[in-house]
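As structure tokens, the structure follows; a few thoughts come after it.
Residue indices begin at 1 and follow the sequence shown. Ligands are counted one by one from 1 in listed order, and the atoms in each one are counted from 1 as well.
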Amino acid sequence: MSAWPILAKAWEAHDALDAAGPQARKIETLYWFFLAICAVVYVITILFIVIPAIRAWSAARRRSQAEQLEVTTPSPGAEQRRATIVWGAVLLTVLIMFALLVGDFATGRALHAKPTDQTPLHINLTARQWWWEAEYSDAMPSNSVTTANEIHIPVGRPIEFELRSADVIHSFWIPNLSGKKDMIPDHRTKIWLTADKPGEYWGQCAEFCGYQHAKMRLLVIAESADKFEAWRGAGMQPSTEPLTDLQRTGRQVFMQHACILCHTIGGTEARARVGPDLTHVASRRMLASNWLPNRPGHLAGWIIDPQKIKPGTRMPQNYLRPHELRALLEYLEILK
Ligand code: CUA
């Protein structure tokens, strides 16, 4: 099955006007406030253009019917009326701009306010060309969970994202949950958000960051506190041990080829952090920063020739023999 229907569904779910949390709701309200004011201003402006034009046209018609060609000069009273209208419009414009500024400023302040009602869940999010690394840190290092491109959060609890970039400027944006926040190298920033409805919310890097900027997507899964804790608990576990010979061979293939140079698999000697942590890769819904569904066929295509799917990505082509690829896939599929 092609990836497109799944992606089309995902894009539908990308909507700043369908807020699923207090921060996004503030932005949505601001949007409608701006839109309403601008719509009224637009209509009034158009009326000021159209009504005089109609009047002038009908006056010209009357004049031509009467064959009167002399130019009429406006009376002093009409001049006065026009001046009043112009100055009134200037004053109104200033007031409207001020109202928009106040609305904008109040929303900005509300978004940057740290939530005080509950201790936020802290997630370190690092943007890289072209994927996201999420780390749920814990006072006990062995309880930290590192994952990529798919973030699980509990519904109703504020989340504090500490944002950083490992290379160029990226931008964090999950339209249903919050506004944008740039991720700048050597400059950590924070953003708070809360999801108040369970669901899957799509994010997208919102700052052009190179060739595969468009394929730098982020999936946020908001779920009940119980489900979240279960997910986190599973994430703390080391990787599943291979049981069959084929799975064992697959692990060997991983350790003896280029894979080990870039990836971590918890509980094995693979500890590199150039690419995503693969300890629980099989539990993730998608691959390649949410570009491909996580199915064996797509995974095989990705391993063999990632440059065809995301040209410029740091993952090289891998020349594996068919039986090696089969064993490797068999092994990766058990990493739930
Ligand atoms: Cu990262 Cu655009």
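- Residue contact annotation: H170 places no N/O/S atom under 2.8 Å from atom 2 (Cu) of ligand 1.
- The aromatic ring centres of H152 and F228 sit 6.0 Å or more apart.
- Note on ring orientation: taking the six-membered ring where Trp is involved, the planes of W132 and H170 are tilted (angle from 30° to 60°).
- The N, O or S atom of E207 with the smallest distance to atom 2 (Cu) of ligand 1 is O.
- In the displayed structure, M255 atom CE is contacted under 6.0 Å by more than 12 heavy atoms of other residues, nucleotides or ligands.
- Closest N/O/S atom of H213 to atom 2 (Cu) of ligand 1: ND1.
- Residues T146 and D277 have side chains that never bring a donor and an acceptor to within less than 3.5 angstrom of each other.
- Taking atom 1 (Cu) of ligand 1 as the corner point, the angle from C209 atom SG to M216 atom SD is about 110° (rounded to 10 degrees).
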